[in-house]
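As a basis for the values below, the full set of heavy atoms in this structure was taken, side chains included, without hydrogen atoms, waters or symmetry mates.
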Amino acid sequence: MPRDYFQDVYDVVRQVPPGRVTTYGAIARYLSLRAGARMVGWAMNSSHGLDVPAHRVVNRVGVLSGKHFFGHPTAMQERLEAEDIQVADDRVVDFDRLFWDPATELTV
DNA sequence: TGAATGACGCTGG
DNA sequence: CCCAGCGCCATTC
């Protein structure tokens, strides 16, 4: 059973400030995951029930690619809107401005 | 052991 | 940004 980078990914996601979003690739690069961004998303799949704001993690263009895994298709969007993040057409509005890069904001 | 899969990313058109 | 294709690699069957 995996456990290694899963906790690392969760730890980074928890540090994402409310109202901000990050990407799978950014997390992968910050943790130097050779596995790539795919495994970051896969790790989030195991974050169900945990205190992990997976809704703040989107793909490189700000698309809510994982909304389908939130039980209800609109659950992820509503969570983002609850943090004043505007979502239109399953995409984060002003994603470029709301993007939170751990490698930059967290200053390795 | 190997093929198929995927909450992705990059490049090229 | 849209579309198509290739690369990435842990996990699963």
Side-chain angles (χ1 to χ4, degrees):
Chain A
M1 284 297 289
R3 47 165 177 75
D4 304 324
Y5 60 90
F6 280 68
Q7 297 302 326
D8 292 333
V9 172
Y10 300 157
D11 186 56
V12 173
V13 176
R14 288 194 189 98
Q15 296 181 61
V16 178
R20 302 292 294 277
V21 293
T22 188
T23 68
Y24 305 98
I27 297 174
R29 280 186 282 110
Y30 174 70
L31 296 177
S32 301
L33 292 179
R34 297 180 300 102
R38 288 183 176 270
M39 290 300 105
V40 176
W42 192 86
M44 305 308 298
N45 201 352
S46 300
S47 69
H48 276 267
L50 300 178
D51 185 19
V52 178
H55 59 277
R56 293 178 191 156
V57 185
V58 294
N59 66 1
R60 69 174 177 96
V61 292
V63 176
L64 282 56
S65 49
K67 70 164 192 171
H68 185 72
F69 289 70
F70 274 71
H72 195 276
T74 61
M76 185 175 184
Q77 177 174 339
E78 291 180 4
R79 276 198 177 189
L80 290 173
E81 291 176 341
E83 298 182 356
D84 295 327
I85 298 178
Q86 296 178 327
V87 178
D89 193 29
D90 297 335
R91 275 181 261 169
V92 177
V93 179
D94 293 331
F95 166 73
D96 180 62
R97 186 172 58 86
L98 297 176
F99 176 58
W100 184 85
D101 189 349
T104 303
E105 306 295 335
L106 216 50
T107 56
V108 185

Undergrad: Shortest non-hydrogen contact from A/Val13 to A/Ala54?
TA: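 Closest pair (atom of A/Val13, atom of A/Ala54, distance): CG1-N, 4.4 Å.
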Undergrad: Mapping A/Val58 and A/Met39 onto DNA chain B by nearest heavy atom, which one lands closer to the 5' end?
TA: A/Met39
Undergrad: Quick check: are there more than 12 heavy atoms from other residues, nucleotides or ligands sitting under 6.0 Å from CD of A/Gln15?
TA: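 Count over threshold, so yes.
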Undergrad: According to side-chain hydrogen bond (donor to acceptor under 3.5 Å, both in side chains), does anything in residues 51-64 of chain A pair up with another residue at least two apart or in another chain? List the pairs.
TA: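 Residue pairs passing side-chain hydrogen bond (donor to acceptor under 3.5 Å, both in side chains), neighbours aside: A/His55-A/Glu83, A/Arg56-A/Glu83.
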Undergrad: For the NE2 atom on A/His68, are there more than 12 heavy atoms of other groups (residues, nucleotides or ligands in this structure) within a distance under 6.0 Å?
TA: no
Undergrad: Using the rule given for side chain to side chain contact (heavy atoms under 4.5 Å, CB included), can you reason through A/Phe99 versus A/Val92, listing the C-alpha separation, both sets of side-chain angles and the distance that settles it, and then say yes or no?
TA: CA-CA 10 Å; A/Phe99 176 58; A/Val92 177; over 6 Å; no
Undergrad: Within this structure, what is the CG-to-P distance between A/Leu33 and B/dG9, rounded to whole angstrom?
TA: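 For the pair A/Leu33 CG and B/dG9 P, the rounded distance is 13 Å.
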Undergrad: When every nucleotide of nucleotides 2-8 of chain C is labelled 5' to 3' by its protein contacts under 4.0 Å (heavy atoms), B for base, S for sugar-phosphate only, - for none, what sequence of letters results?
TA: S----BB
Undergrad: Return the orientation label for the A/Phe6 and A/Tyr10 ring planes: parallel under 30°, perpendicular over 60°, tilted otherwise.
TA: perpendicular
Undergrad: Measure CG/A/Leu80 against C1'/B/dA7 and give the value in whole Å, please.
TA: 13 Å
Undergrad: In whole Å, what is the span from the CG atom of A/Asn59 to the C1' atom of B/dG9?
TA: 9 Å
Undergrad: Given atom CD1 of A/Ile27 and atom P of B/dA7, what is their separation to the nearest angstrom?
TA: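 It works out to 15 Å between those atoms.
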Undergrad: Atom CZ of residue position A/Arg20 - does it have more than 12 heavy atoms of other residues, nucleotides or ligands inside 6.0 Å?
TA: yes
Undergrad: Taking atom types as modelled and ignoring hydrogens, do the side chains of A/Gln7 and A/Asp11 form a donor-acceptor contact shorter than 3.5 angstrom?
TA: no
Undergrad: How close or far is atom C1' of B/dA7 from atom CG of A/Leu64, stated in whole angstroms?
TA: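 One finds 10 Å between C1' of B/dA7 and CG of A/Leu64, rounded.
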Undergrad: For DNA chain B, which residues of residues 66-79 of chain A approach it to below 4.0 angstrom with any heavy atom?
TA: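 Under 4.0 Å from DNA chain B: A/Gly66, A/Phe69, A/Phe70.
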